[in-house]
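The next block holds one structure in the form of structure tokens; read it before the comments.
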Amino acid sequence: MTSTLPNILSWILWLPLIAIVILFFLPRRNETAIKWVSLIVILVDFILSLILLGYFDFSNPNFQFVEKRKWIDFINSYYYLGVDGISILFVPLSVLVTLLCILISWDSIKDKVKEFYLSLLVTNIAMVGVFCALDLLLFYLFWEAILIPMYLIIGVWGGPRRIYSTFKFFLYTFIGSVFMLIAIIYMYIKFGTFEYTALVGKDYPLHIEKLLFLAFAVAFAIKVPMWPVHTWLPDAHTEAPTAGSVILAGILIKMGGYGFVRFCLPLFPEATLFFAKAILVLSVVAIIYAGFACLAQDDLKRLIAYSSVSHMGFVTLGIFSLNPIGVQGAILQMINHGIVTGALFMCVGVVYDRTHSRAISYYGGLATTMPLYAAFFMVFTLASIGLPGTNGFIGEFLILLGSFLNNKVITAFAATGVIIGAAYMLWLYQRVFFQQVNPNVVGLEPLKVNELAALIPMVVLVFLIGFFPNLCLDFMRSSVDALIMNFK
Amino acid sequence: MVEKSFEIIREFNLCTVLIPFLPFIASIIVLLFGKVSSFFREKPYVLPVIALFISFCLSLKLLFDVIGGKIYDFDLYSWMIAGDFKVGVGFLVDPLSVMMACMVTCLSFLIHVYSIGYMAGDPGYYRFFSYISLFTFSMLMLVLGNNLVLLYLGWEAVGLCSYFLIGFWYEKKSASDAAKKAFIVNRIGDFGFALGIFMVFYFTGTVYYHEVFSKLPLLADLYLKFGDWGIHVPFLASFLLFCGAMGKSAQFPLHVWLPDAMEGPTPVSALIHAATMVTAGIFMVSRLHSLFEMSIYAMAMVAFIGAITCFLAATIAPTQFDIKRVVAYSTLSQLGYMFMACGVGAFAVGMFHLFTHAYFKALLFLGSGSIIHALHHAPDPNDIRIMGGLKRYMPITYITFLIASLSIAGVPGLAGFFSKDEILAHAYFSAYPWGKIIWFIGLVVAGFTAFYSFRIFFRAFFGEFKGREALHGKEPHESPKVMTIPLIILAIGAIVSGWFSIPHSLGGGAHFVEFLAPSVGHAKLVDVDHTVEYILMALSVLVGLLGIFLAWIVYVKSPTLETAFSSRFRRIYTFIFRKWLFDELYHYTIVKPTLWVSNFVVRLIVDTFVIDGTVDGSAYSINNIGSGLRRLHSGIINYYNVFILLGIIIYFIIFYILR
């Protein structure tokens with residue numbers, strides 16, 4: 001397979017390394033230079049990832065921009081990169097999320113600035129790596145590598161209960177990954193390769209396939225996170241600094257959903273069919289349970305964190321509907337959720353920086369004192385509850401439609417999540433923005449340039465994808481169709 | 001009559017596209033520049049009013065195109081493609097949608113003009129015009145869309161604008177509560193609506209109207225099997241879609257949001273909560289009439305939900321003292337009439353009532369708005385108990401309000417008479433077995449309607465003015481011209497809009513109803529004895545006049561009668577006055593249990609995973625991280641394991657039950 005752009009994936013993947021090297025040599029007191037270097041390098045990286053999109057061939061369901069080099073020779077492991085319709089959109093999304101994190105942290109991180117930006121840059125490499133790697137060992141490396149900078153971001157720059165939260169976060173995700181590693185090793189021993197493309201289509205005895213599926217699924221389910229292994233997410237979100245929450249919501253939990261589509265479905269189709277209904281039930285439980293949990297929160301971040309659990313329930317529902325409509329909806333919903341929930345966390349960060357309170361009852365009447373901010377928050381609220389015209393609608397609608405074609409009763413239960421979603425988000429909005437002005441929010445500083453620069457692109461994306469979803473759906477169509485062929 | 005043949009044009013048509021998008025562009029510009037430009041802050045109405053006027057003219061042009069035998073049906077662009085699911089942003093201009101487009105743009109234009117005066121001086125002046133234009137765009141997308149998903153888009157978008165406008169004065173808790181309530185109740189309906197669309201797609205493989213209609217016959221004998229019993233597919237699909245109509249058109253049991261929606265500014269009540277948005281349900285049922293007609297149970301459901309709402313609202317209206325709430329209940333009741341018409345198969349007649357109702361009900365609201373505007377210094381300007389004798393102060397409002405009241409009461413010659421009588425006649429002669437019952441309910445409610453309409457009319461304009469204290473001695477005054485001219489135009493509408501469809505029995509041509517026939521089916525009275533029709537007509541006029549007469553006795557002749565009556569039947573009166581206790585019922589059966597479950601869910605997580613073990617129950621602070629960690633090491637991991645296990649066990653039980 002030839003592509004017109006040589007080694008573009010490697011360029012996108014490793015470009016932040018340049019910034020890392022420069023940052024090492026910059027004095028730690030020169031914070032402005034540290035921020036600008038990170039910003040510019042990531043911006044270039046983002047532009048590169050957009051160029052990547054431009055050269056993508058819609059009609060080709062296979063991997064494109066493939067790079068394959070010998071890496072660890074004696075165990076037959078390759079440095080093997082490539083993207084297809086399922087993964088390509090996550091590459092620019094990852095870089096965009098890092099870019100916005102740099103912007104949103106511009107003023108709010110005042111302590112250990114150099115280390116913070118280094119962590120962000122490392123996170124970016126690991127995130128892009130996860131979505132490009134086609135060698136299972138390489139994938140596992142990136143998958144685990146992301147834990148270290150995330151652990152630092154939450155543990156060093158987080159809130160008062162950060163140590164407890166990082167512990168929980170690390171423990172949960174690490175335990176999950178260990179199972180996946182065992183499964184990868186098993187497959188290596190059996191077939192002597194880590195290559196993804198070589199492992200697709202291999203046959204296993206059914207009971208082995210089920211075990212392998214479960215080993216992968218545990219790792220992905222914890223990342224997503226699915227009910228009942230979701231409890232690490234609200235704690236991690238609540239204590240993380242804004243950038244940490246944005247990365248968690250924007251990319252980290254998408255890795256779980258991506259993992260299901262990339263590995264569980266094509267590698268273990270028989271087991272997927274066997275477990276699909278169980279996972280659908282879990283998804284519905286997540287949607288409803290987390291929705292109810294949202295209604296009782298008085299902590300802004302915790303509420304949005306639980307809403308993530310609910311939205312990711314829709315994603316797993318779409319994936320395991322096992323039809324093109326549901327899977328495309330699920331992938332799109334992951335992108336949407338990254339944009340919308342990332343933006344909501346940024347919005348919470350905006351007021352948290354000013355008031356240092358996350359309690360909903362602390363606020364009230366913000367629409368009167370910060371009208372522009374209220375307008376931004378309203379757009380993301382509407383996208384979050386899936387109002388037509390926003391991107392949230394497209395994802396939710398396609399998922400529910402795909403799921404309906406698969407199982408009507410489960411869909412009917414899942415669709416109640418749409419009602420609960422409207423209830424908790426609008427109630428949140430009412431308590432924070434409407435009603436009488438709370439003295440706590442009088443005289444807050446209006447939105448700053450860096451905050452506007454981070455929020456405006458998100459608003460544009462919300463409506464752009466809402467009105468022209470084919471911009472995204474075109475990318476994934478042929479790859480998803482090819483994937484679903486296995487199940488017909 | 002010879003069946004008219006239409007030429008279907010599938011090419012792009014600029015007029016059609018401009019009709020919704022002009023108000024949209026105006027809305028966005030006003031919203032973006034309202035804060036920064038003094039022109040848009042002080043005169044935000046200029047752009048939307050011009051845009052709407054052009055839209056109205058374009059709608060008229062399309063109306064003549066359709067009369068001339070053209071139907072436009074084209075896609076602007078492809079919206080989503082996924083698997084076998086394809087949908088575009090596209091428009092359908094046929095008799096039904098062009099009639100709605102003309103009505104919406106006309107009323108919206110008038111109400112924009114009225115708002116220039118009514119909303120003057122409000123700090124959110126530009127916001128108001130932006131929202132109301134955005135609403136007009138959404139409503140036009142709703143009626144002009146050529147597929148179900150676009151209908152859903154318009155459906156939710158009008159709901160959103162309604163949310164913004166009900167909560168326009170968001171500092172008031174009651175307003176933001178009402179806005180939220182409206183949105184969530186509508187969401188409950190939309191939940192069914194969405195499932196209904198999925199169902200249609202599942203069985204026909206498309207969401208475009210014209211393709212759906214051509215494939216409907218395939219559904220005739222389909223049953224959806226749930227275990228041993230099956231549900232008739234057309235019925236289930238109709239029912240699910242009708243859930244959406246119950247929400248948006250505020251029909252029992254989802255009617256509770258509309259009276260509270262009166263927290264919004266009065267022009268909003270006139271445009272959204274009387275003339276246009278709330279009629280979307282009737283529009284949808286008429287648009288999909290061939291689906292509803294496939295199931296007799298679906299038709300019965302439409303008819304009886306309409307009848308229940310019609311009656312329920314007509315009983316509550318006379319007990320309320322807030323002028324806007326009375327008019328809101330009257331709207332509920334009239335919407336019930338329209339559904340009754342649909343439920344006896346007379347969709348075109350339902351649409352005709354929708355059309356005339358838009359004028360006289362918008363007029364009633366704007367007239368109330370004019371009164372409220374005059375009394376706006378009073379603590380509660382909506383209270384009819386502080387009104388009285390306004391005839392002297394507000395002559396134009398008085399005359400126009402009288403016309404609207406006569407029209408809604410069904411006095412011969414006015415718009416309401418023709419459309420209401422058509423509904424009653426079609427119900428009486430209907431082939432459906434419930435026709436006579438519907439006719440009887442409609443007749444009784446006609447009396448109620450005349451009574452409560454003239455109750456507010458007499459209390460507001462006759463007798464002594466009782467608001468001097470509340471107004472600190474100031475006299476009420478007539479509204480400015482920018483408000484009274486729309487009133488006069490609407491008053492003309494409230495008289496002549498009925499003349500478009502004078503029934504054959506009165507020597508008319510029923511043009512309106514027959515114009516709609518290609519879209520919503522014929523609604524002709526065949527082989528009907530005209531004598532019976534005349535008797536029915538006389539009967540309903542008599543009932544209406546009786547209602548007016550009673551109102552005159554109670555509110556003009558002997559004003560003490562009302563309190564005497566309400567204290568005599570205190571129990572029943574209180575029950576009705578508190579709106580049949582629906583709000584309380586929902587509060588204790590839905591809202592409370594939901595919050596209870598949520599608190600339980602959270603307690604389950606927080607207590608067992610975090611707080612359990614801390615004696616004082618406080619959250620960890622920076623001081624006790626150490627102890628928190630110790631606990632993490634010593635025991636809490638076991639809790640995790642126990643709960644993960646428990647969760648897995650519960651889940652496997654659910655899984656095996658569902659298998």
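Letters A, B, ... mirror the listed sequences (proteins, then strands); counts begin at 1. Because the structure is a prediction, the values reported are computed rather than measured. Side chains included, hydrogens not; waters and symmetry mates left out as well; all remaining heavy atoms used.
- Among A:Leu387, A:Leu382, A:Leu295, the residue with the largest count of heavy-atom pairs under 4.5 Å with chain B is A:Leu387.
- Of all the listed residues (A:Leu280, A:Ile420, A:Ile394, A:Val437), the one sharing the greatest number of non-hydrogen pairs under 4.5 Å with chain B is A:Ile394.
- No other option in A:Thr416, A:Thr411, A:Val327 has as many heavy-atom pairs under 4.5 Å with chain B as A:Thr416.
- In this structure, the portion of A:Pro371 lying under 4.5 Å from any heavy atom of chain B is its side chain and not its backbone.
- Summarising the local packing, CZ of B:Phe239 is surrounded by 12 or fewer heavy atoms from other residues, nucleotides or ligands at distances under 6.0 Å.
- Under the 4.5 Å side-chain criterion, counting only non-hydrogen atoms from C-beta, B:Tyr77 is not in contact with A:Asn470.
- Only the side chain of B:Leu224 has a heavy atom closer than 4.5 Å to any heavy atom of chain A.
- Interface check for chain A: of the options B:Ser174, B:Ala82, B:Pro123, B:Ala175, the most heavy-atom pairs under 4.5 Å are formed by B:Ala82.
- Proximity to chain A among residues 194-202 of chain B is limited to B:Leu195, B:Ile197, B:Phe198, B:Met199, B:Phe201, B:Tyr202, judged by heavy-atom separations below 4.5 angstrom.
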Checklist entry - Can B:Val149 and A:Phe393 be said to form a side chain to side chain contact (heavy atoms under 4.5 Å, CB included), step by step? => result CA-CA 11 Å; B:Val149 185; A:Phe393 168 71; 4.1 Å; yes
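- To the nearest 0.5 Å, atom NZ of residue B:Lys35 and atom CG of residue A:Leu372 are 9.0 Å apart.
- When heavy atoms are compared at a cutoff of 4.5 Å, A:Leu332 does not approach chain B at all.
- Annotation: maximal heavy-atom pairing with chain A below 4.5 Å, among B:Leu595, B:Asp177, B:Asn186, occurs at B:Asp177.
- Heavy-atom pairs under 4.5 Å with chain B were tallied for A:Pro234, A:Ala296, A:Gly389, A:Ala290; the largest tally goes to A:Ala296.
- A distance of 11.5 Å separates CH2 of B:Trp79 from CG of A:Leu473, quoted to the nearest 0.5 Å.
- From B:Lys181, atom NZ reaches atom CD of A:Gln430 across 12.5 Å, with rounding to the nearest 0.5 Å.
- To the nearest 0.5 Å, the span separating OH on B:Tyr163 from CE on A:Met378 amounts to 4.0 Å.
- Looking at A:Gln328, the atoms closer than 4.5 Å to chain B (heavy atoms on both sides) all sit in the side chain, from C-beta outward.
- Of all the listed residues (A:Leu401, A:Ile325, A:Ile385, A:Thr368), the one sharing the greatest number of non-hydrogen pairs under 4.5 Å with chain B is A:Leu401.
- To the nearest 0.5 Å, atoms CZ (A:Phe467) and CG (B:Leu153) are separated by 6.5 Å.
- At most 12 heavy atoms of other shown residues, nucleotides or ligands fall within 6.0 angstrom of atom CZ in A:Phe174.
- Contact of A:Ala412 with chain B is made through backbone and side chain together, with heavy-atom distances under 4.5 Å.
- Counting all heavy atoms, side chain and backbone alike, B:Gly83 lies closest to A:Pro324 at CA-CB, 3.9 Å.
- Using a 4.5 Å cut-off between heavy atoms, B:Ile81 touches chain A through backbone and side chain atoms alike.
- Both the backbone and the side chain of B:Ser78 come within contact range of chain A, each with at least one heavy atom under 4.5 Å from a heavy atom of that chain.
- The structure places CG of A:Asn323 at 9.0 Å from CG of B:Asp84, a figure rounded to the nearest 0.5 Å.
- In this structure, A:Phe434 and B:Tyr170 have parallel ring planes: the angle between them is below the 30° cut-off, well short of the 60° mark.
- With a 4.5 Å cut-off on non-hydrogen atoms, A:Leu398 touches chain B through its side chain but not through its backbone.
- Between chain B and the options A:Ala367, A:Gly329, A:Pro388, A:Ala422, heavy-atom pairs under 4.5 Å are most frequent for A:Pro388.
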Checklist entry - Should A:Val418 and B:Arg187 be marked as a side chain to side chain contact (heavy atoms under 4.5 Å, CB included) after you check the CA-CA gap, both sets of side-chain angles, and the distance that decides it? => result CA-CA 8 Å; A:Val418 176; B:Arg187 260 286 156 118; 2.9 Å; yes
